[in-house]
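The next block holds one structure in the form of structure tokens; read it before the comments.
When a residue number appears, it is its place in the shown sequence, counting from 1.
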Amino acid sequence: MTAQVRSLRPEAEKHFIDALRRRYEEQGFAFTSEPDPKQLPRFFGSYVPDALAQKSGRNIVIELKEQPTSSTQRALSEIRRLFDGHADWQFRVFYTGTDPQEAETVAPASPDLIRKSADEVKALAAQGNLRAAFIVGWALLEAALRARRDGLESLSRKPGTVVQTLAMEGFIEPPAERRLRELIPLRNRIVHGDLTVEPTTAEIEFVLATIENVLDADLS
């Protein structure tokens with residue numbers, strides 16, 4: 001809830017917080033919006049989050065943003081560093097462009113299942129079903145993020161949010177982030193029924209290679 005990060009209209013923020021509260025309370029969390037700075041751990045410093053979701057052994061720190069922008073990347077990265085070395089605290093950024101009540105809660109898949117599904121994507125591509133392979137590949141990219149970062153049920157994410165989160169968490173390097181972002185418009189056109197476009201085999205292979213890199217990433 002820093003001055004550098006906060007850019008939301010109060011009514012939009014309140015609606016989003018209320019929706020998040022319902023989601024987290026359904027999962028057994030105690031939810032606190034606008035927490036009292038005096039009740040926060042000392043390592044927070046002057047940072048006060050928009051909300052906290054807490055239950056035994058898990059503390060989720062919630063920051064709201066209207067949409068991903070490059071101008072706030074550094075501020076969010078600085079906040080995220082506050083939680084280095086505090087394994088029971090997790091920093092989450094939610095973007096108000098997606099209504100939490102409309103987003104689906106998705107269960108995590110194991111890395112082995114994701115890899116098996118990636119083999120199915122390769123088979124689709126080999127059969128010439130490039131559009132289907134590309135879209136399933138993007139779904140597996142989000143599944144890989146959920147498996148490595150969340151480890152539990154979490155809300156579905158837009159493609160841009162998936163890429164940004166992978167980059168901010170250190171799962172992909174800047175060149176991979178840039179290339180994935182370049183592929184998002186193609187992914188969106190196919191999803192929305194544009195049959196005049198088709199991914200290349202190289203683009204599908206890149207998405208699959210990125211999935212494997214995410215699953216293998218050593219962030220220690």
Side-chain angles (χ1 to χ4, degrees), residues 1-6 8 13-14 16-65 68 72-96 98 100-101 103-114 141-158 161-173 211 213-220:
M1 196 186 295
T2 60
Q4 297 96 321
V5 174
R6 175 65 63 93
L8 304 175
E13 179 177 330
K14 183 179 184 302
F16 203 87
I17 283 284
D18 288 345
L20 281 177
R21 180 190 301 277
R22 289 190 291 272
R23 283 284 187 174
Y24 275 108
E25 288 181 345
E26 287 173 1
Q27 298 175 33
F29 285 87
F31 190 92
T32 306
S33 61
E34 299 183 358
D36 183 349
K38 296 178 181 178
Q39 302 299 316
L40 296 174
R42 196 171 288 180
F43 71 83
F44 274 47
S46 61
Y47 172 64
V48 181
D50 289 297
L52 295 175
Q54 298 173 287
K55 63 181 178 181
S56 180
R58 294 199 60 210
N59 301 279
I60 298 176
V61 179
I62 296 169
E63 183 71 36
L64 298 188
K65 291 286 283 85
T72 57
Q73 290 294 320
R74 287 188 297 274
L76 290 172
S77 295
E78 290 173 5
I79 294 171
R80 191 177 301 278
R81 282 195 288 270
L82 293 173
F83 304 96
D84 290 347
H86 300 278
D88 54 338
W89 289 85
Q90 297 175 308
F91 179 62
R92 300 284 175 82
V93 181
F94 288 90
Y95 297 99
T96 59
T98 300
Q101 292 302 303
E104 295 291 334
T105 299
V106 183
S110 69
D112 286 345
L113 180 56
I114 294 171
L141 186 64
E142 182 175 354
L145 169 62
R146 185 171 294 107
R148 289 300 312 274
R149 180 184 186 272
D150 299 327
L152 73 165
E153 289 187 347
S154 60
L155 297 181
S156 56
R157 297 173 170 93
K158 293 183 178 180
T161 304
V162 171
V163 174
Q164 178 171 319
T165 305
L166 287 170
M168 290 180 64
E169 296 282 353
F171 290 112
I172 59 175
E173 298 296 325
I211 293 166
N213 290 338
V214 171
L215 293 176
D216 287 342
D218 182 2
L219 303 183
S220 59

Exercise for review: Could you check if a side-chain atom of Asp36 sits within less than 4.5 angstrom of a side-chain atom of Val48, using non-hydrogen atoms only?
Suggested key: no

Exercise for review: Report yes or no: does Arg146 contribute a side-chain atom to a donor-acceptor pair with the main-chain N or O of Ala109 at less than 3.5 Å?
Suggested key: no

**Study point:** Reported CD-to-CG distance for the pair Gln90 and Asn59, which is rounded to 0.5 angstrom
**Key:** 9.0 Å

Revision key, fill the gap. Heavy-atom closest pair (Leu215 atom, Ala144 atom, distance to 0.1 Å) is CD2-CB, 3.9 Å

Review point. Got Leu145 and Arg157 here, is their nearest side-chain heavy-atom distance under 4.5 Å?
Key: yes

Point to revise | Beyond-backbone contact of Leu20 with Phe31, side-chain heavy atoms, under 4.5 angstrom | key: yes

Review point. Are the side chains of Lys38 and Leu40 in touch, meaning some heavy atoms are under 4.5 Å apart?
Key: no

Practice item. Taking the side chain as every heavy atom from C-beta outward, state whether Asp50 and Ser33 have any atom pair closer than 4.5 Å. Key: no

Point to revise | Set of residues satisfying ring pair (Phe, Tyr, Trp, His ring centres under 6.0 Å) with respect to Phe44, sequence neighbours excluded | key: Phe83, Trp89

Review point. Any side-chain donor paired with an acceptor under 3.5 Å for Tyr47 and Glu63?
Key: yes

Point to revise | Considering all heavy atoms, the nearest Arg80-Phe91 contact | key: NH1-O, 3.4 Å

Practice item. Take Glu26 and Arg22 through the salt bridge (charged side-chain N to carboxylate O under 4.0 Å, His left out) test and state the conclusion after the steps. Key: CA-CA 6 Å; Glu26 287 173 1; Arg22 289 190 291 272; over 6 Å; no

**Study point:** Over 12 foreign heavy atoms within 6.0 Å of CD, Glu25
**Key:** yes

Practice item. Kindly compute the distance separating CD (Glu142) from CD1 (Ile114), expressed to the nearest 0.5 Å. Key: 10.5 Å

Check your understanding: Do Thr161 and Val163 come within less than 4.5 Å of each other through their side chains, counting heavy atoms only?
Key -> no

Review point. If you take all heavy atoms of Leu82 and Phe43, which pair is closest and at what distance?
Key: O-CD1, 3.4 Å

Review point. Do Arg23 and Phe29 pass the side-chain contact (heavy atoms from CB on, under 4.5 Å) test, and can you show the C-alpha distance, the side-chain angles, and the key distance before you say yes or no?
Key: CA-CA 9 Å; Arg23 283 284 187 174; Phe29 285 87; over 6 Å; no

Review point. Can you tell if the side chain of Leu52 reaches within under 4.5 Å of the side chain of Ile60, non-hydrogen atoms only?
Key: no

Practice item. Not counting sequence neighbours, which residues clear side-chain contact (heavy atoms from CB on, under 4.5 Å) with Ser110? List them please. Key: Asp112, Leu113

Exercise for review: Kindly indicate whether the side chain of Leu141, heavy atoms from C-beta on, has any atom under 4.5 Å from the side chain of Val162.
Suggested key: yes

Review point. Which pair of non-hydrogen atoms, one from Val61 and one from Pro49, has the smallest distance, and what is that distance?
Key: CG1-CB, 3.4 Å

Point to revise | Criterion side-chain contact (heavy atoms from CB on, under 4.5 Å) on Glu34 and Ile17, from CA distance to verdict | key: CA-CA 10 Å; Glu34 299 183 358; Ile17 283 284; over 6 Å; no

